[in-house]
Amino acid sequence: MTPETSAPPLSPMQKIWHIVALIPEGRVASYGKIADYAGLPGRARYVSRALKQAPDSLALPWHRVINSQGKISFAKDTHPFQLQMSLLRSEGVQVNQGRIALSEYEWRPDMATLVLSMPF
DNA sequence: CTCCTGACCCTTC
DNA sequence: CGAAGGGCCAGGA
């Protein structure tokens, strides 16, 4: 037995939080991609729930997560939308009409590095 | 158990 | 480009 190597199992939600925390400043990633990176393909909606439920104490960069169309997913006339837009702009991301150029700002993590960063 | 709701995504028109 | 429809699946009522 090797008790010191037994790591506590990471729940799907914790995996998502872990990935989101890795998105660098000035970059964005889509809900769907986050799901893929977390080993949960096709679960974009689950990612949105995970972000909503994330405790503030984690201080996750939730504003760096947008939809696959490169747009902020909150309705344009809401406070969350305004907040997300200003947070992105404050770190140099251009937002026009709630839209972000994925070709310019999408986070493309090195998969090997990503895997190694996961606490098994 | 069923029904409804999403910080979604993809295809089609 | 935008809108519509279907798929998806965890949570809550």
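Per chain, numbering begins at 1; letters A, B, ... match sequence-line order.
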What do you reckon, is CD of A:Q94 surrounded by more than 12 foreign heavy atoms closer than 6.0 Å?
no
Under a 4.0 Å heavy-atom cut-off, which of residues 28-46 of chain A touch DNA chain C?
A:R43, A:R45, A:Y46
Just jot down the side-chain contact (heavy atoms from CB on, under 4.5 Å) partners of A:K71, sequence neighbours excluded, or say none.
A:N67, A:Q69, A:R99
Roughly how far, to the nearest 0.5 Å, is the CD1 atom of A:I23 from the CG atom of A:L60?
9.0 Å
Out of the candidates A:V65, A:I66, A:T78, only one should pair with A:Q84 under the side chain to side chain contact (heavy atoms under 4.5 Å, CB included) rule; please name it.
A:I66
Which two nucleotides bound the region of DNA chain C that has atoms under 4.0 Å from heavy atoms of chain A, read 5' to 3'?
C:dC1 to C:dG11
Applied to residues 52-61 of chain A, the side-chain hydrogen bond (donor to acceptor under 3.5 Å, both in side chains) test, sequence neighbours excluded, yields none
Under the side-chain contact (heavy atoms from CB on, under 4.5 Å) rule, collect the residues that match up with A:D77, sequence neighbours excluded.
A:A75
So the contacted stretch of DNA chain B, first to last nucleotide with an atom under 4.0 Å from a non-hydrogen atom of chain A, runs from B:dG6 to B:dC10
Most 5' of A:M13 and A:K71 on DNA chain C, judged by nearest nucleotide:
A:K71
Residues in side chain to side chain donor-acceptor pair (under 3.5 Å) with A:H18, at least two apart?
none
Sequence neighbours excluded and cut-off under 3.5 Å, please list the side-chain donor-acceptor pairs for residues 41-48 of chain A, or say none.
from  : atom 1 : to    : atom 2 : distance (Å)
A:S48 : OG     : A:R45 : O      : 2.7

Mind listing the residues from residues 84-108 of chain A sitting with a heavy atom below 4.0 Å of DNA chain C? Number order is fine.
A:R99
I'd like to check the side-chain contact (heavy atoms from CB on, under 4.5 Å) partners of A:K15; sequence neighbours left out, ordered by chain and number.
A:L10, A:A38, A:M118
side-chain hydrogen bond (donor to acceptor under 3.5 Å, both in side chains) contacts in which one or both residues fall within residues 23-38 of chain A, not counting sequence neighbours
A:K33-A:E106
Residues passing the side-chain contact (heavy atoms from CB on, under 4.5 Å) test with A:L83, sequence neighbours excluded, are A:W62, A:S86, A:L87
If every non-hydrogen atom of A:A50 is compared with every non-hydrogen atom of A:W17, which pair is closest and at what distance?
O-NE1, 2.9 Å
